[in-house]
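Notes follow once the structure below has been shown.
All values derive from a computational prediction rather than experimental measurement.
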Amino acid sequence: MLRWLIGGGREPQGLAEQSPLQTIGEEQTQNPYTELLVLKAHHDIVRFLVQLDDYRFASAGDDGIVVVWNAQTGEKLLELNGHTQKITAIITFPSLEACEEKNQLILTASADRTVIVWDCDTGRQVQKVSCFQSTVKCLALLQRLDVWLSGGNDLCVWNRKLDLLCKTSHLSDTGISALIEIPKNCVVAAVGKELIIFRLVAPTEGSLGWDILQVKRLLDHQDNILSLANVNDLSFVTGSHVGELIIWDILDWTVQACERNFWDPSPQLDTQQEIKLCQKPNDVSIHHFTWDEENVFVAVGRGLYVYNLQMKRVIACQKTAHDSNVLHVAKLPNRQLISCSEDGSVRIWELREKQQLAAEPVPTGFFNMWGFGRVNKQASHPVKKQQENATSCSLELIGDLIGHSSSVEMFLYFEDHGLVTCSADHLIILWKNGERESELRSLKLFQKLEENGDLYLAV
């Protein structure tokens, strides 16, 4: 299904590489996305999608343009021109409470060292800041404090009117790659392989201005941090270029769990297999993750891993979920997961429970948690019995969406309007639920016939 749209499936990434990639037949009975709309407006890589409301989204990328779309019809609503170089970050920006007009605003940062506030209802450029000394790589809104942050070679704090409240000194030439808010008026900034905790100090009777203080530096990662996110009220999680996943306590910033070895030495491979020089080694970079109440879903190289927060171990994995690195992953309803990759594919997975056989131990090589995975001889018997009775899960492929011809950067999920993907091929694709769209077309047809009186004539 859908493969005929581009004249066939994907080619393998290496000439001699034989990938154990899971495939699915043409009849994808559990895949609802059987129709698509191709949206064209950008002239370069489209890297960002942000949802504005229940029916609109905005796209942005390397051409410096922001485009506002109707997610239901695929209609291009607005084109926002103001940046002269590629866009590096985008977030939604709620209107001021005092404003009579409650228009939807967005905030965009660019490699041209500017930040612009846009009105997505009118297309108007509300305000522009151009006093940055380096490219802003990330933006964060702290709604409770009514401020927003920009991260580049330094960290700046701004109010809603775009007045600079305070800033740090120069942090690093590599710059801040990610920012999140945590309790106690603190934020976490990823700078290279370090995490830096900053505390924001609001004005009081004794002080007239804002201040930002460096509280702690966390040096547990061995390589650059690529992803950073809050997972619940108790924890936040980080992932690095060399496959380190660390779960942190959100209050005291200590390590709750850590994994540094996602890939087994592959004992299942034939030892006599010819070594192919053109076969690239497994990439274990953690580019993205998402979460729900129970699990963290981690994109590791070409694979997907499901880590259970309560059990503190991996409960399911697909080591080769795609032909190339997985760039984005999101949770869908009904225990489903969606992922996209540098290979141009978008794949839908279902998390299914399966009972472990008594003779088959639960694999512990993926997450050797602190306090787990290393068992002394006295405790080995009860732990083995516990493993035998444990329930693990599997990730089963239920949908393969083939439409893009280059790397798929990210996607958005609309419950009523389908799935939106953006790509390095300059295109945006709106994937539609075919059954739902057919019902809507039939309903519109009957309504039109009824309005014209043709329905009664036919009866």
Margin query: Regarding Arg124 and Asn103, do their side chains bring together a donor and an acceptor under 3.5 Å, going by distance alone?
Written below: no
Heavy-atom nearest pair, Leu164 first then Val157, reads CD1-O, 3.5 Å
**Message:** Is there a salt bridge (Lys or Arg N to Asp or Glu O under 4.0 Å) between Arg302 and Asp283? Walk through the geometry before answering.
**Reply:** CA-CA 7 Å; Arg302 295 181 291 169; Asp283 186 348; over 6 Å; no
**Prompt:** Are the side chains of Val187 and Leu155 in touch, meaning some heavy atoms are under 4.5 Å apart?
**Reply:** yes
Taken to the nearest 0.5 Å, the spacing of Ile65 CD1 from Leu80 CG works out to 9.5 Å
Asp54 CG: over 12 foreign heavy atoms closer than 6.0 Å: no
Examine distances only and state if a side-chain atom of Lys432 and a backbone atom of His417 form a donor-acceptor pair shorter than 3.5 Å. yes
- request: Verify, without hydrogens or angle tests, whether Glu244 (side chain) and Gln222 (backbone) share a donor-acceptor contact under 3.5 angstrom.
  value: yes
request  = Kindly indicate whether the side chain of Glu409, heavy atoms from C-beta on, has any atom under 4.5 Å from the side chain of Ile45.
outcome  = yes
Quiz item: Between Phe414 and Arg56, is there a cation-pi geometry (under 6.0 Å to ring centre, at most 45° from the normal)?
Solution: no
Closest non-hydrogen atoms of Asn230 and Glu181, given as atom of the first, atom of the second and distance, are ND2-O, 2.9 Å
Does a donor on one side chain and an acceptor on the other come within less than 3.5 Å for Thr254 and Gln256? no
**Prompt:** Taking Thr73 for the side chain and Glu75 for the main chain, is one N or O donor matched with an acceptor at less than 3.5 Å?
**Reply:** yes
Residues Ala58 and Ile106: closest non-hydrogen pair is CB-CD1, 4.5 Å
Using modelled atom types only, decide if a donor and an acceptor are shared between the side chain of Lys137 and the backbone of Thr174 within a distance under 3.5 Å. yes
Here the gap from Gln318 atom CD to Leu304 atom CG, rounded to the nearest 0.5 Å, amounts to 7.5 Å
Side chain to side chain donor-acceptor pair (under 3.5 Å) evaluation trace for His170 with Asp173 = CA-CA 8 Å; His170 181 91; Asp173 289 338; 3.0 Å; yes
Closest non-hydrogen atoms of Leu226 and His241, given as atom of the first, atom of the second and distance, are CD1-CA, 3.7 Å
Just checking Phe411 against His328, ring centres under 6.0 Å apart? yes
Check whether Ser235 reaches the backbone of Ile247 with its side chain - one donor and one acceptor, N or O, closer than 3.5 Å. no
Residues at least two apart in sequence or cross-chain that pass ring-ring contact (aromatic ring centres under 6.0 Å, His included) with Phe289, listed by chain then number, are none
Q. Is the shortest heavy-atom distance from the side chain of Val296 to the side chain of Asn308 under 4.5 Å?
A. no
Is the CD atom of Gln133 crowded by more than 12 outside heavy atoms at less than 6.0 Å? no
Heavy-atom closest pair (Leu228 atom, Val188 atom, distance to 0.1 Å) is CD2-O, 3.7 Å
### Task
Please tell me if the side chains of Trp253 and Ile182 come closer than 4.5 Å, counting only heavy atoms from C-beta onward.
yes
What do you reckon, is CG of Asp233 surrounded by more than 12 foreign heavy atoms closer than 6.0 Å?
no
Where do Gln30 and Glu350 land on the side chain to side chain contact (heavy atoms under 4.5 Å, CB included) test, with the steps shown first? CA-CA 10 Å; Gln30 293 180 277; Glu350 184 175 81; 3.8 Å; yes
Does any part of the side chain of Trp69, heavy atoms only, come nearer than 4.5 Å to the side chain of Ser59, both counted from C-beta?
yes
When rounded to the nearest 0.5 Å, the distance separating CG of Leu351 from CD1 of Ile315 is 5.5 Å
* Asked: Quick one: are Cys393 and Arg335 in side-chain contact, heavy atoms under 4.5 Å?
  -> yes
>> Over 60° means perpendicular and under 30° means parallel, so tell me whether Phe236 and Trp248 are parallel, tilted or perpendicular.
In response: parallel
- [ ] Compute whether any side-chain donor of one residue and acceptor of the other, for Glu79 and Asn81, lie under 3.5 angstrom apart.
- [x] yes
How about Ile338 and Val329: do any of their side-chain heavy atoms sit closer than 4.5 Å? no
| query | How about Leu142 and Leu200: do any of their side-chain heavy atoms sit closer than 4.5 Å? | reply | yes
Between the OG atom in Ser172 and the NZ atom in Lys193, the distance rounded to the nearest 0.5 Å is 11.5 Å
Main chain of Leu213, side chain of Arg199: is a donor-acceptor contact present, judged purely on distance under 3.5 Å?
no
Handout entry: Donor-acceptor under 3.5 Å (Asp343 side chain, Asp323 main chain)
Key = yes
Walk me through whether Trp158 and Phe132 qualify under ring-ring contact (aromatic ring centres under 6.0 Å, His included).
CA-CA 12 Å; Trp158 309 79; Phe132 297 96; 5.4 Å; yes
Do you see a donor-acceptor pair shorter than 3.5 Å between the side chains of Asp63 and His43?
-> no
- Message: Taking Ser324's backbone N and O only, do any of them form a donor-acceptor pair with Ser341's side chain (distance below 3.5 Å, no angle check)?
- Response: yes
Rounded to the nearest 0.5 angstrom, the CD-OH distance for Gln51 and Tyr413 is 11.0 Å
CD of Glu396 to CG of Leu337, rounded to nearest 0.5 Å, is 13.0 Å
Closest non-hydrogen contact found for Val408 with Cys340 is O-SG, 3.4 Å
Can you list, pair by pair, the side-chain donor-acceptor contacts under 3.5 Å of residues 83-91, counting residues two or more places apart and other chains?
from  : atom 1 : to     : atom 2 : distance (Å)
His83 : ND1    : Asp112 : OD2    : 3.4
His83 : ND1    : Thr114 : OG1    : 3.0
His83 : NE2    : Thr108 : OG1    : 2.8
Thr84 : OG1    : Asp112 : OD2    : 3.4
Thr88 : OG1    : Ala109 : O      : 3.3
Thr88 : OG1    : Val136 : O      : 2.5

Item checked: Ser285 side chain vs His287 backbone, donor-acceptor pair below 3.5 Å -> no
Residues Asp62, Arg47: salt bridge by 4.0 Å N-O rule: yes
Arg347 and Asp400 ion-paired at < 4.0 Å: yes
Margin query: Has Asn433 got a side-chain atom pairing as donor or acceptor with Gly418's backbone, closer than 3.5 angstrom?
Written below: no
